[in-house]
Amino acid sequence: MLKIYNSLAREKQAFVPITPGSVRMYVCGMTVYDYCHLGHARVLVVFDMVQRWLRASGLHVTYVRNITDIDDKIIKRAHDNQQSIGELTARFIACMDEDAAALGVDKPDHEPRATAYVPQMLELIGQLERNGLAYQAAGGDVNFSVRKFPDYGKLSGKSIDDLRAGDRVEVDGAKEDPLDFVLWKTAREGEPSWPSPWGNGRPGWHIECSAMSSELLGKHFDIHGGGQDLQFPHHENEIAQSEGAHRCHFVNYWMHNGFVRVADEKMSKSLGNFFTIREILKKYDPEVLRFFILRAHYRSPLNYSDSHLDDARQALSRLYTALKAADAAVKVEVEVEVDWHEPHAQRFKQAMNDDFNTPEACAVLFDLAGEINRQHSSALVSQLRGLAGLLGLLKRDPQAFLQAAPASDGETSVEHIEALIADRLTAKQRKDYGAADRIRGELQAAGIILEDGASGTTWRRS
RNA sequence: GGCGCGAUAGCAAAGCGGUUAUGCACCGGAUUGCAAAUCCGUUCAGCCCGGUUCGACUCCGGGUCGCGCCUCCA
């Protein structure tokens, strides 16, 4: 039985889908005005893992991850770049798709863009107004009235009176309460706008998700995910909007992934301490990055540093090395069936069912690798490949992984390496170990490690 | 000021009221021409102070420290 830590209840709860056998899940995706950074990578990978495990558990999954393609930052960036908003967002959506694909992230079932759902947002705002929860302020903005929604604060555990809106940011004087948030922003000169009953304008950020989720998943669905920083105010506001408009329960399970940190500080655009995915992929294999993310629990903070990624690479190499040694018997690229009665698979399943405990699941993979190194059992090789595959790992040919060069490095060609290995073999046959070792040293200096096995010499990158 | 999370060996990171987590690194041995990989073995833990218990890293209470949210942020 799958248990999920529900941010709403602040405890692990047994997962019971609304419709038996199927799951509807919504995750807040990117605002596309820049390259994705490591924090985005974590959301992408974590919820991809969740989605995979739900499917592996036999559930029919509808996974929605939205794209915010209209917002203040997008407008500003497009203006700064002197390009249209459409050009800007198209470019960064393409970049996001590339990054996600590199990380082995499956395409969600739906990737709605905010600009395509304005009618639904207007409908929702209208309903909120009819329900007495929205009002048009002096300046023309339509706001949500938090005081009129008694449950406000139930997700974040905050009470309206304790919140100190305006402490750090100037409050819009036209709001009835400082915490009221905007549903519809009145059009400003030079900014994109849509016609509406409240005048030309554009949607507030929070209403986008409420509109897209109910349109694609219904008014009441199973799982809503996102980064921890969205819990308040974004998700709190989504609840207020959706439950306020639909008068029914919105989401059963709220999942929030922990932050990526640098030197113990949250990685964020505002702090400027972020690394983009593509920047990291110049130095590290994308699978190493995926593994780095999954070997930590999704709710824990994840500290980024080069040495941690080096460590992850070494660890992942151990798994691939085990496959390499035993792989002759098992074909690559073949979908492997997991034998769920086998003890390792049982442990794996138990770990994953315990709120997606991927660190424990990874430990099972390493135990399996050790067993394979001892026994060279092809049954265990399929178990390793099959289980790792459910995490989106170990899908490649081991040799290809072990020999893969970072994108930025293309100095030592495979031909050159193989020529030197042949030279070394001749030297070894002459028992000229001095010459053989010199060649090996030369390659080692270039980051190539040689391994003399029973069936000849193989190489990998250090 | 309000609310929340965390503190595990050199580093990273889980479970668990009593029995090896796991990975990297380190040390000893096997293997190897020597290495690498692999195997076997060893060493290295649980912020502090109380309490509960036959027994606590694990439960409870109190500290200390760190982090996050309360502003756009994954």
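Chain naming here is simple, since letters A, B, ... match the order of the sequence lines and numbering starts at 1 in each.
- Within the cation-pi definition used here (under 6.0 Å to the ring centroid, within 45° of the axis), Arg299(A) qualifies as a partner of Tyr5(A).
- At distances below 3.5 Å, at least one donor-acceptor pair connects side-chain atoms of Lys175(A) with backbone N or O atoms of Asp180(A).
- Val260(A) comes within 4.0 angstrom of a nucleotide base, judged by non-hydrogen atoms across all strands.
- Tested against Val64(A), the residues Ser213(A), Pro108(A), Cys209(A), Pro112(A) include a single side chain to side chain contact (heavy atoms under 4.5 Å, CB included) partner, Pro112(A).
- Distance, Gln350(A) CD to G15(B) C1': 10 Å, rounded to whole Å.
- C47(B) and C54(B): their P atoms are spaced 24 Å apart (whole Å).
- Among the heavy atoms of the strands, none lies under 4.0 Å from Gly453(A).
- Ala315(A) comes within contact range of the sugar-phosphate backbone alone, with a heavy-atom separation under 4.0 Å but no base atom that close.
- Taking atom P on both C57(B) and A45(B), the two are 13 Å apart, rounded to the nearest angstrom.
- The base-pairing partner of C59(B), taking Watson-Crick or G-U wobble contacts with both distances under 3.5 Å, is G51(B).
- Each of C69(B), A74(B), G33(B) was ranked by its minimum atom distance to the side chain of His40(A); first place goes to A74(B).
- Salt bridge absent: Asp80(A) and Arg77(A) never bring a charged side-chain N and a carboxylate O closer than 4.0 Å.
- C69(B): Watson-Crick or G-U partner is G2(B), with both key distances under 3.5 Å.
- Donor-acceptor pairing under 3.5 Å, judged by distance alone, is present between the side chain of Asp437(A) and the base of G33(B).
- Look at the C1' atom in both U31(B) and A37(B): the space between them is 11 Å, to the nearest Å.
- Base contact: Tyr433(A) has a heavy atom under 4.0 Å from a base atom.
- Mapping Arg374(A) and Glu265(A) onto RNA chain B by nearest heavy atom places Arg374(A) at the nucleotide closer to the 5' end.
- Residue Ser307(A) is out of contact with every strand shown, counting any heavy-atom pair closer than 4.0 Å.
- Remark: the Asp311(A) side chain and the G23(B) base include a donor-acceptor N/O pair separated by less than 3.5 Å.
- If you take atom C1' in U43(B) and the same atom in C27(B), they sit 7 Å apart, rounded to whole Å.
- At a cut-off of 3.5 angstrom, the base of C72(B) holds at least one donor-acceptor pair with the side chain of Lys73(A).
- Here Arg424(A) lies in heavy-atom contact (under 4.0 Å) with a base.
- Side-chain N or O atoms of Asn357(A) include none that pairs as donor or acceptor with a backbone N or O of Met352(A) at under 3.5 Å.
- The partner of G41(B) is C27(B), judged by Watson-Crick or G-U wobble contacts that both fall below 3.5 Å.
- The base-pairing partner of C16(B), taking Watson-Crick or G-U wobble contacts with both distances under 3.5 Å, does not exist among the strands shown.
- For C67(B), its base never sits under 3.5 Å from the side chain of Lys266(A) at any donor and acceptor pair.
- Within the 4.0 angstrom heavy-atom criterion, no nucleotide atom of any strand lies near Arg299(A).
- Closest of all the heavy-atom pairs between Leu319(A) and Leu365(A) is CD2-O, 3.6 Å.
- Note on Ile449(A): only backbone sugar-phosphate atoms sit closer than 4.0 angstrom, heavy atoms only; bases stay farther off.
- On the P atoms, A9(B) is 13 Å away from A21(B), given to the nearest whole Å.
- With hydrogens and angles ignored, no donor-acceptor pair closer than 3.5 Å exists between the side chain of Arg295(A) and the base of A13(B).
- Taking atom P on both C44(B) and C11(B), the two are 16 Å apart, rounded to the nearest angstrom.
- At most 12 non-hydrogen atoms from other residues, nucleotides or ligands lie less than 6.0 angstrom from CD of Gln444(A).
- Using a 4.0 Å heavy-atom distance criterion, Ser270(A) is classed as a base contact.
- Here Glu360(A) lies in heavy-atom contact (under 4.0 Å) with a base.
- Taking atom P on both C26(B) and C39(B), the two are 16 Å apart, rounded to the nearest angstrom.
- Within the 4.0 angstrom heavy-atom criterion, no nucleotide atom of any strand lies near His256(A).
- Taking the P atom of each, A25(B) and U38(B) are spaced 9 Å apart, rounded to whole Å.
- No side-chain heavy atom of Trp205(A) sits under 4.5 Å from any side-chain heavy atom of Phe181(A).
- Among the protein residues, Gly39(A) comes within range of the nucleic acid bases, having at least one heavy atom under 4.0 Å from a base atom.
- Set against A14(B), A35(B), C70(B), the side chain of Pro233(A) has C70(B) as its closest nucleotide.
- Residue Asn373(A) is classed as a sugar-phosphate contact, given heavy-atom separations below 4.0 Å to backbone atoms only.
- Checking U8(B) for Watson-Crick or G-U wobble geometry (two distances, each under 3.5 Å) identifies no partner in any strand.
- The base of C69(B) is not paired with the side chain of Ser156(A) by any donor and acceptor separated by under 3.5 Å.
- Side chain Asp452(A) to base C34(B): a donor-acceptor pair is found below 3.5 Å.
- Nucleic acid contact for Gly153(A): none, since no nucleic acid atom lies under 4.0 Å from a heavy atom of the residue.
- Residue-environment remark: NZ (Lys349(A)) stays at or below the threshold of 12 foreign heavy atoms within 6.0 Å.
- For A36(B), there is no paired base (Watson-Crick or G-U wobble, both distances below 3.5 Å).
- Where Leu316(A) and Leu271(A) meet RNA chain B, the nucleotide closest to each residue was compared, and Leu316(A) sits on the side nearer the 5' end.
- Side-chain to base pairing of Arg261(A) with C67(B): no donor and acceptor N or O lie closer than 3.5 Å to each other.
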